[in-house]
Protein chains: 4
Amino acid sequence: MPKISDEKRAARRAQILNAAWTCFQKEGLHATTMDDIIKASGLSAGAVYSYFPGKSDLILAAVTTSLTDLTALVLPLFSVSPPLSETELLRQITANVARFSMREGFDLRRIALLGWSEAQRDDKLRATMNGFYQAFRARLVQAAEEWKKRTPDGASVSEEDVAKTLLALILGFVVQSAIMGDVEPENLESGLDGLARLRG
Amino acid sequence: MPKISDEKRAARRAQILNAAWTCFQKEGLHATTMDDIIKASGLSAGAVYSYFPGKSDLILAAVTTSLTDLTALVLPLFSVSPPLSETELLRQITANVARFSMREGFDLRRIALLGWSEAQRDDKLRATMNGFYQAFRARLVQAAEEWKKRTPDGASVSEEDVAKTLLALILGFVVQSAIMGDVEPENLESGLDGLARLRG
Amino acid sequence: MPKISDEKRAARRAQILNAAWTCFQKEGLHATTMDDIIKASGLSAGAVYSYFPGKSDLILAAVTTSLTDLTALVLPLFSVSPPLSETELLRQITANVARFSMREGFDLRRIALLGWSEAQRDDKLRATMNGFYQAFRARLVQAAEEWKKRTPDGASVSEEDVAKTLLALILGFVVQSAIMGDVEPENLESGLDGLARLRG
Amino acid sequence: MPKISDEKRAARRAQILNAAWTCFQKEGLHATTMDDIIKASGLSAGAVYSYFPGKSDLILAAVTTSLTDLTALVLPLFSVSPPLSETELLRQITANVARFSMREGFDLRRIALLGWSEAQRDDKLRATMNGFYQAFRARLVQAAEEWKKRTPDGASVSEEDVAKTLLALILGFVVQSAIMGDVEPENLESGLDGLARLRG
DNA sequence: GATGAATGAGTCTTCATTCAT
DNA sequence: AATGAATGAAGACTCATTCAT
């Protein structure tokens, strides 16, 4: 098969995935019907099914894609030089999540909530998400190790726990802003600072 | 059958809600059919529908109940004397959430994830959840005010932001432990401490 | 059993029938649920079922009642002295039907259409209605005989056919005014006159 | 399955409509279940629903079709040359209705009664039927104008009222023959004649 | 390969009727 | 005798998936 065909295949896949994403976000995972996606994609039912064996695969692919896109957005933040401080990293990550959420009608936060819910039922999806979050947290652990090295008297700090705490803050930011809608990256930065000062 | 007593009505309602909760948790909100709930409740379809007008009401009631139960569990923590410190409050809240999650096979965290997802589609549910979280965060603001008073040099701390940050930590704990399953209340306590020390 | 009890029974029956009539008219025969009637009657389900074995009996009774009421309204017209002319009788009958239709929200024409439709399915109802219409047409035949006697040269007139024609006019008036709503008794009188003149 | 031809689509539609008509007539409009129609049509539920969005549309289409078929049967009678007399037109119309009623097991009169009843509840259906009868009556008015022109001394005749009277006779014929079953076109012709003679 | 019509098991919900209290 | 909660068999309609053309 010539190369064009492969490109076309990839384009078609992206086209379907895009349609699925839009629908999922607007209607939720279960309220979206295959027909919605088929219509939105502009292809035929048979065509869609030739790219994805079933609805659950489409869901998995959509969530995976959004996770991958997010990774591409966030990973560079770990490699800037000089490395970002904890406060700065948290602010940038949450800011990126918030910014990504506004893009072209795709709200990453909604997709995240939908995905978490679906992961309760779908083993494959849960495994995929788990893997992604593990990898992400591993990067946070690495970053924490860096900060630790630079901190005199930081030997007793658990980089694992710091990573878990940062991840909790990020995920909690996603939920809180999706449900309540009145949280900005700066709030966490200020709150974290306040919390430290209140503890003395 | 003559008029049923109020207690019996309430008991029946609870019986149905209990069945629904069990099913929702096992299967997810949409994958659970009314028939599942009907069978699990041990009642007839008509009986279930005489207590709840439809499936969405059952979902709303199930989520509301779990939210109410959680409130009952967590609210007392704000009233202990002497008041808990921020670290202690966070640890106790997350510990209660984790403990509640293990109770009688009901996992509050799963219900929470399912509810958040459903709230994207169901306006009534979203309003209910929003109200609950607003009230909860207001209590956190109050607590932060207390801490602020006791902190010399704490005047510039934003209690709003502290509350948002604590809520983010709690919600993030729920997500992280539901999806990844390897987070304990102590991790957040230690991580928050480490974070403060790394910041200098 | 004392007399009071019987009276009470009759009153209850009427109360139920009244409720049924109102519902049937507003919603149609099938769209009306037993619960609608029960609620409208102010009695309990059991009470209603102790007076009428089932919904079809209620329908039969409601139609029969309306037919009976109509009879009471129309029959006297055949006994007035001196007897009414054909034109006058037709006008008075249709006028009574129209007037009855306006009474207290009960529209006899609607009940008639509903009853005819139901009679297609319900043998008992069909038999009842058939009997009523036969009796009514027999009265028309009698009236036609009278007119015939008074008409010189009327020997060859078929009183049966005159009666069928008058009945067709009355029933057609009911349908036309129920569906189209722009027919008055006078129209038929004038139309019949015109028809005669056009025939030469 | 590739795109189906227009003829095939129309044939399928007719097939379903035919099944619906048969069922409606046998069982009545509401007693007929979608499953009855689906079974009778030989198609699947999904197929039927892809041609008709719901039961009420099927009812509307069935009634509309029967009305259209009837129009095709009756309209030519208004265009014969030389024009039919009032008596003749009435006889031919009723005769056609009666004949149509016998065709292939479809009884137009029953459909008419069912439709009138349903029109009480269904606005769309009522509007459709009203439109049809208005058009039909307009043709009767036209015919009456013709008769009027040919009648010396006919100037004062109201063609509107003549049309309303003729329509009442036709509709009344339908009801009377459907419910009582002992009326023939000739009866009306003779009765109308007798009525004129009795009036002097 | 692509199409989209067709499938049919499955969903939520209703409602005439019963019968325990 | 009266009540009204409970029953459960239908009913209308949906939708992921297939496969004839």
Side-chain angles (χ1 to χ4, degrees), chain A residues 1 5 8-9 12 30-39 42-59, chain B residues 1-5 8-9 12 16 30-39 41-58, chain C residues 1 5 8-9 12 30-39 42-59, chain D residues 1-5 8-9 12 16 30-39 41-58:
Chain A
M1 281 203 183
S5 179
K8 245 186 187 162
R9 273 199 77 82
R12 280 275 170 82
H30 286 275
T32 294
T33 68
M34 284 302 286
D35 204 52
D36 291 337
I37 299 173
I38 288 159
K39 291 261 166 60
L43 297 174
S44 69
V48 169
Y49 271 89
S50 80
Y51 285 85
F52 296 93
K55 193 179 175 182
S56 67
D57 304 272
L58 218 26
I59 291 174
Chain B
M1 298 174 182
K3 201 155 205 151
I4 215 171
S5 73
K8 236 180 182 158
R9 267 202 82 79
R12 276 265 199 275
I16 295 166
H30 282 91
T32 295
T33 69
M34 283 304 286
D35 208 52
D36 291 337
I37 298 172
I38 287 158
K39 292 252 170 65
S41 74
L43 296 173
S44 67
V48 170
Y49 272 90
S50 82
Y51 283 87
F52 296 93
K55 192 180 176 181
S56 67
D57 302 271
L58 219 25
Chain C
M1 283 207 182
S5 180
K8 246 187 186 162
R9 273 199 77 81
R12 279 275 172 84
H30 286 275
T32 294
T33 67
M34 283 303 285
D35 204 53
D36 291 336
I37 299 172
I38 288 159
K39 290 263 167 58
L43 298 174
S44 70
V48 170
Y49 271 89
S50 80
Y51 285 86
F52 297 94
K55 192 180 177 182
S56 66
D57 303 272
L58 219 26
I59 291 174
Chain D
M1 297 176 183
K3 202 154 203 150
I4 215 170
S5 72
K8 237 182 183 157
R9 268 202 81 80
R12 276 266 198 273
I16 295 166
H30 282 90
T32 294
T33 70
M34 283 304 287
D35 208 53
D36 290 337
I37 298 172
I38 287 158
K39 291 253 170 65
S41 74
L43 295 173
S44 68
V48 170
Y49 274 91
S50 82
Y51 284 87
F52 297 94
K55 192 180 176 183
S56 67
D57 303 271
L58 219 25

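Each chain gets a letter, A, B and so on, in the order its sequence line appears, and its residues count up from 1. Remember, it's a predicted structure, so these values are computed and weren't measured experimentally.
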- Query: Rounded to the nearest Å, what distance is computed from the CD1 atom of residue Ile38(D) to the P atom of nucleotide dA10(F)?
  - Reply: 16 Å

- In whole Å, what is the span from the NE2 atom of His30(B) to the P atom of dG10(E)? 19 Å

- Check whether any side-chain N or O of Tyr51(D) sits under 4.0 Å from OP1 or OP2 of dA6(E), and answer yes or no. yes

- Message: For Asp35(A) and Arg9(B), find the nucleotide of DNA chain F closest to each by heavy atoms; which residue's nucleotide sits nearer the 5' end?
- Response: Arg9(B)

- Closest nucleotide among dG8(E), dA2(F), dT7(F) to the Ser44(B) side chain: dT7(F)

- Rounded distance in Å - OH (Tyr49(A)) to P (dA6(E)): 18 Å

- Name the closest nucleotide to the Met34(D) side chain, picking from dT3(E), dC13(F), dG8(F). dC13(F)

- Task: Return the minimal non-hydrogen interatomic distance between Lys55(C) and Thr32(C), and the atom names on each side.
- Result: NZ-O, 2.6 Å

- Query: Looking at the side chain of Ala45(A), which of dT14(E), dT7(E), dT18(F) is the nearest nucleotide?
  - Reply: dT18(F)

- Query: Taking atom P of dA16(F) as reference, at what distance in whole Å does atom NZ of Lys39(A) sit?
  - Reply: 12 Å

- In whole angstrom, give the distance that lies between atom CG of Leu43(C) and atom P of dT3(F). 7 Å

- Query: What is the distance from atom CD1 of Ile59(A) to atom CD1 of Ile37(A), rounded to the nearest 0.5 Å?
  - Reply: 7.5 Å

- Item | Atom pair CE/OG of Met34(B) and Ser41(B) - distance to nearest 0.5 Å | 9.0 Å

- Item | Distance, rounded to the nearest Å, where Ile37(D) contributes CD1 and dG11(F) contributes C1' | 12 Å

- Message: Measure CZ/Phe52(C) against P/dA16(E) and give the value in whole Å, please.
- Response: 15 Å

- d(CG, Asp36(B); C1', dT11(E)) in whole Å: 11 Å

- Does Gly46(C) or Gly42(B) map to a spot on DNA chain F nearer the 5' end, using the closest nucleotide for each? Gly46(C)

- Query: If you round to the nearest 0.5 Å, how far is CG of Asp57(A) from CZ of Phe52(A)?
  - Reply: 8.5 Å

- For dT7(F), which nucleotide is its Watson-Crick or G-U wobble mate, given both distances must be under 3.5 Å? dA16(E)

- Query: Counting any heavy atom closer than 4.0 Å, what does Thr32(D) reach on the DNA or RNA strands: base, sugar-phosphate only, or nothing?
  - Reply: sugar-phosphate

- Query: At what distance, to the nearest 0.5 angstrom, does CZ of Arg12(A) lie from OH of Tyr51(A)?
  - Reply: 5.0 Å

- In terms of the nearest nucleotide of DNA chain E, which residue is placed more toward the 5' end: Ser50(D) or Ser50(A)? Ser50(A)

- Message: So if I take every side-chain heavy atom of Thr33(C) and compare against dG4(F), dT14(E), dA16(E), which nucleotide ends up nearest?
- Response: dA16(E)

- Checking dC13(F), dT7(E), dT7(F) against the side chain of Lys55(D) (C-beta onward), the nearest is dC13(F)

- State the pairing partner of dT21(F); accept Watson-Crick or G-U wobble contacts with both distances under 3.5 Å, and report none otherwise. dA2(E)

